[in-house]
Amino acid sequence: MRLIVCIKQVPDTAEVRINPETNTLIREGVPSIINPYDMHALEAAIAIKERKGGKVTVLTMGPPQAETALREAISIGADDGVLLTDRAFAGSDTWATSFALYKAALKIGFDIIICGKQAIDGDTAQVGPEMAEFLNIPHISYVKAIEDISESSITVQRMMDDGYDVVRSKLPVLLTVVKELNTPRLPSLKGKMAAKKAVINKMTKESIEAEEDNLGLKGSPTMVKNIFAPEAKKDRKMLTGSIEQQVDQLLEELRRLKCV
Amino acid sequence: MRIVIEQNRCIGCGACVESCPYSAILIEAEKASINEYCQLCRACLSVCPEGAIIEKSEESDNIEVVDLSAYKGVWVFAEQRDGHVASVAFELLGEGRKLAKELNTELSAVLFGSTEAEAKELIRWGADRVYHCRDRIFDSFNDEPYSQQLIKLITRFKPSIVLSGATPIGRSFIPRVAARLRTGLTADCTALQIDKDSGNLLQIRPAFGGNIMATILCPNRRPQMSTVRPRVMKRCDYEPDRQGEIIEIAAEGLSSNTEVLETHKEASYCKVNLQEAEVIVSGGRGLGNPKGFEMLQELASLLDGSVGASRAAVDEGWIKYSHQVGQTGKTVCPKIYIACGISGAVQHLVGMSSSDIIIAINKNPEAPIFNVANFGIEGDVYEVVPLLIKKIRESK
Ligand SMILES: Cc1cc2nc3c(=O)[nH]c(=O)nc-3n(C[C@H](O)[C@H](O)[C@H](O)COP(=O)(O)OP(=O)(O)OC[C@H]3O[C@@H](n4cnc5c(N)ncnc54)[C@H](O)[C@@H]3O)c2cc1C
């Protein structure tokens with residue numbers, strides 16, 4: 001099995017805040033991490049490799065510093081890493097991101113590509129399915145369990161609003177995975193050594209043979225017009241008085257809302 | 001485009017360094033500079049006291065423009081499960097009506113599978129026209145035939161706007177459609193507007209786990225596509241006598257490499273059905289033990305509501321994951337959300353902050369949950385909730 005795991009280096013958004021006065025982000029040393037969902041994608045790939053043999057390649061598109069994310073993935077158990085980096089990729093929306101990743105995946109070769117459900121910064125969940133469309137392969141989103149894998153097919157559980165579906169797909173396939181799938185392992189000592197020594201394969205727009213029109217800002221149909229702080233509730237009110245009085249006021253509100 | 005810092009105006013104050021979520025701005029020799037980490041998110045533009053950070057457009061910036069005038073009409077993809085149209089589709093028709101009116105155009109729905117009766121419902125909920133593809137291939141959801149068929153329809157009829165629910169179905173196959181059509185897709189929108197000057201769709205959505213909101217445009221390509229979060233848009237009035245056109249479309253030449261072998265409705269999902277509940281009583285770590293949820297269940301039953309939970313309570317094993325609300329659980333938007341012993345970490349807030357009325361009960365007056373609450377009670381849940389239950393009982 002040739003497995004590709006797509007990982008994205010993201011700011012730890014739990015620590016990103018917005019300053020409501022100025023409408024701007026307050027970052028204060030937010031650390032860069034591997035997108036948490038991608039850790040589950042990586043774990044899934046390593047588990048498949050352990051069962052079926054093969055090789056796990058981690059692929060990321062990002063600035064040169066994203067190399068640290070690849071080394072971290074190798075310390076956890078990936079075999080090698082590909083860094084897709086080029087100024088021409090700057091400003092990519094999901095269309096241009098998935099286009100570049102698709103071109104790189106073609107160069108690497110694969111039976112299964114695994115992505116996280118979504119990245120916690122852009123939060124779109126679109127890169128995986130878009131990549132699958134470019135590659136002309138099937139995909140299954142929101143995978144929460146892998147039931148069976150053979151040389152030519154895979155059977156998984158796909159999370160839905162009202163439960164889950166059991167879905168079988170032919171290979172090659174792209175999966176996007178949710179946290180319920182597994183518990184990511186920690187780096188091993190041997191892995192850490194391997195990560196130090198690993199040679200990261202760097203790819204540019206030339207090496208993936210992508211036309212400039214499809215990359216970066218120029219390749220992106222969407223643009224971010226502006227960003228702003230989420231609206232705070234305008235009519236917020238702390239109730240006062242004894243607990244009994246507060247409960248009475250609350251009951252009054254519930255009555256007004258026709259809830260009681 | 002590039003974001004650049006005009007060196008002669010930069011005073012090296014570092015305000016921009018703090019503002020960048022990607023650590024792409026550094027101060028070197030008392031001047032700020034932007035490195036290749038920059039994702040062009042524009043977060044820094046407004047922080048600079050000297051106005052030294054500017055957007056510099058370049059000739060090569062823009063994607064080639066398609067003939068925008070060839071695209072007309074607003075479309076809603078109406079998803080169905082087991083033949084029943086999902087409620088988000090009716091919400092989108094409500095929103096779609098508004099947009100169509102503003103653009104002086106028609107509103108159409110697209111229905112794959114399901115029945116003629118359901119197609120008629122779509123008209124009564126506001127559609128002027130329904131494109132109905134009633135092939136068995138759509139009975140269960142497979143991404144490839146769904147996307148192949150929608151691509152065909154869009155290519156043929158050229159709508160200007162295509163909306164779909166940001167559900168496991170919409171978020172899974174709509175990206176394939178956008179990729180193939182070489183157009184933009186905005187994820188998980190919570191508001192839509194028409195830009196008065198250009199007529200473009202302004203697509204507003206949360207990003208960074210709900211910490212910021214962004215307005216996204218797709219100015220040069222068509223259709224403009226968005227997935228829209230369920231339970232955010234309002235339905236328009238149901239008109240039982242409303243007439244419209246149903247156009248039957250044949251499904252030809254579709255193929256699928258995936259196959260749905262079984263579907264499992266999780267009992268707890270049906271019972272919980274948080275996303276449909278009008279009242280949710282939610283508990284967090286502040287409950288201290290699983291018994292607390294029995295009390296919340298009692299309150300919820302009195303209010304005809306369901307029980308939710310924060311991740312902390314689920315992680316403690318006090319209640320099942322299917323009750324979890326927040327970034328890693330469900331997004332809910334009930335009429336009333338009562339948060340009991342929930343501190344209000346941002347990951348929880350993103351899952352419930354668009355509820356109509358939020359009531360927070362917490363011992364800690366500093367708890368961030370109070371920032372989003374319409375009504376806050378500072379107090380012990382074990383004192384407040386039993387009293388509330390008692391008083392509701394008495395009043396019945
Ligand atoms: C505020 C804001 C809002 C945005 N909104 C939109 C929008 O609505 N539509 C749009 O098209 N673009 C949008 N973008 C741009 C989008 O965030 C970027 O294109 C981003 O690089 C990819 O999207 P994502 O982070 O949402 O990834 P997702 O699609 O959420 O990521 C899913 C999975 O794809 C893989 N993956 C994603 N990116 C990479 C990568 N660089 N390298 C390797 N694997 C990767 C990972 O496995 C990841 O788990 C927005 C950007 C900002 C700053």
Side-chain angles (χ1 to χ4, degrees), chain A residues 11 13 16-18 22-28 30 63 91 120-126 129-130 133-134 138-142 159-170 179 217-218 221-228 230 233 235-239 243 246-247 250-251 253 257 259-260, chain B residues 1 18-22 36-37 40-43 46-47 60-61 63 143-144 167-168 171-172 175-176 179-180 183-185 187 207-209 211-218 221 257-266 269 303 328 336 372-377 379 383-384 387-388 391-392:
Chain A
T13 52
V16 176
R17 293 276 183 286
I18 201 144
T22 57
N23 255 347
T24 51
L25 292 169
I26 313 167
R27 191 185 50 82
E28 286 178 76
V30 171
I120 60 167
D121 54 346
D123 267 342
T124 69
Q126 290 173 187
E130 292 191 10
E133 180 68 21
F134 288 131
H139 83 274
I140 306 172
S141 302
Y142 304 107
M159 221 145 72
M160 300 297 278
D161 267 342
D162 52 0
Y164 68 92
D165 290 343
V166 178
V167 186
R168 182 168 61 207
S169 176
K170 292 182 191 144
K179 291 190 168 164
L217 263 187
K218 190 164 193 202
T222 67
M223 55 170 277
V224 180
K225 183 168 171 276
N226 62 345
I227 67 163
F228 53 96
K233 293 266 172 196
D235 49 356
R236 76 176 258 236
K237 184 169 157 196
M238 281 307 272
L239 302 179
I243 292 289
Q246 293 190 47
V247 169
L250 185 56
L251 197 61
E253 289 301 334
L257 296 163
C259 178
V260 178
Chain B
M1 189 195 74
E18 293 292 288
S19 78
C20 178
Y22 295 100
E36 57 271 57
Y37 248 142
L40 307 176
C41 78
R42 295 173 167 77
S46 54
V47 290
S60 64
D61 273 359
I63 190 166
D143 291 273
E144 287 165 296
T167 59
R171 290 191 87 171
S172 184
R176 293 191 81 114
R180 180 64 59 186
T183 193
L185 174 58
F208 292 92
N211 287 300
I212 69 160
M213 303 297 291
T215 311
I216 311 286
L217 279 178
C218 176
R221 310 297 286 197
N257 288 297
T258 61
E259 184 190 352
V260 177
L261 305 178
E262 296 161 36
T263 60
H264 292 257
K265 310 275 162 181
E266 287 187 356
Y269 275 85
L303 302 173
T328 50
I336 300 176
V372 301
N374 301 79
F375 303 103
I377 294 187
E383 197 178 336
V384 176
L387 197 59
L388 186 59
K391 288 191 181 253
I392 294 174

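Chain A is the first sequence line, chain B the second, and so forth, proteins listed ahead of strands; every chain is numbered from 1.
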Output yes when a side-chain donor or acceptor of Glu383(B) lies under 3.5 Å from a complementary backbone atom of Ile243(A), and no otherwise.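 Here the side-chain-to-backbone pair does not exist.
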Keeping Arg221(B) on the side-chain end and Thr222(A) on the backbone end, is there a donor-acceptor pair under 3.5 Å?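 Flag not set: sc Arg221(B) to bb Thr222(A) has no pair under 3.5 Å.
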Segment of Leu250(A) engaging chain B (4.5 angstrom heavy-atom cut-off):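 Just its side chain gets close to chain B.
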To check you understand the geometry: which heavy-atom pair defines the closest contact between [X] and [Y], and what is its length?
X: Gln246(A); Y: Gly376(B); value: OE1-O, 4.1 Å
X: Asp123(A); Y: Phe208(B); value: OD2-N, 3.7 Å
X: Asp121(A); Y: Ala207(B); value: O-CB, 3.6 Å
X: Gly184(B); Y: Pro221(A); value: N-CB, 3.2 Å

As an exercise, state the distance from OG1 of Thr258(B) to CD1 of Ile140(A), rounded to the nearest 0.5 Å.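 So the OG1 of Thr258(B) and the CD1 of Ile140(A) are separated by 6.0 Å.
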Can you tell me how far the CG atom of Leu239(A) sits from the CD1 atom of Ile377(B), to the nearest 0.5 Å?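 Leu239(A) atom CG to Ile377(B) atom CD1 measures 5.0 Å (nearest 0.5 Å).
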Side chains of Val224(A) and Thr215(B) in contact at under 4.5 Å (non-hydrogen atoms):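 Not in contact.
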Can you check whether Arg171(B) reaches Pro129(A) side chain to side chain, under 4.5 Å on heavy atoms?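 When only atoms from C-beta onward are counted, Pro129(A) and Arg171(B) do not touch, as no gap falls below 4.5 Å.
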Which residue, Asp165(A), Val166(A), Val167(A), forms the side chain to side chain contact (heavy atoms under 4.5 Å, CB included) with Glu262(B)?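 Passing option: Val166(A).
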Best-contacting candidate, Ser141(A), Pro138(A), Ser169(A), against chain B by heavy atom pairs under 4.5 angstrom: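 Ranked by heavy-atom pairs under 4.5 Å with chain B, first place is Pro138(A).
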Quick one: which of Val384(B), Leu185(B), Thr167(B) has the most heavy-atom pairs under 4.5 Å with chain A, could you say?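 Highest number of heavy-atom pairs under 4.5 Å: Leu185(B).
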Greatest number of heavy atom pairs closer than 4.5 Å to chain A - which of Val260(B), Leu303(B), Leu217(B):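 The answer is Leu217(B).
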Please state whether the side chain, the backbone, both or neither of Ile336(B) comes within less than 4.5 Å of a heavy atom of chain A.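 For Ile336(B), side-chain heavy atoms alone lie under 4.5 Å from chain A.
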Only counting residues at least two apart or in another chain, list the ones meeting side-chain contact (heavy atoms from CB on, under 4.5 Å) with Lys170(A).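 In terms of side-chain contact (heavy atoms from CB on, under 4.5 Å), with neighbours along the sequence ignored, Lys170(A) is linked to Asn257(B).
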Please determine which of Gln126(A), Glu130(A), Glu133(A) meets the side-chain hydrogen bond (donor to acceptor under 3.5 Å, both in side chains) test together with Arg176(B).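 Of the listed residues Gln126(A), Glu130(A), Glu133(A), the side-chain hydrogen bond (donor to acceptor under 3.5 Å, both in side chains) partner of Arg176(B) is Glu133(A).
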Using the test ring-ring contact (aromatic ring centres under 6.0 Å, His included), find all partners of Tyr164(A) that sit at least two apart in sequence or belong to another chain.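 Checked Tyr164(A) against ring-ring contact (aromatic ring centres under 6.0 Å, His included); matches are His264(B).
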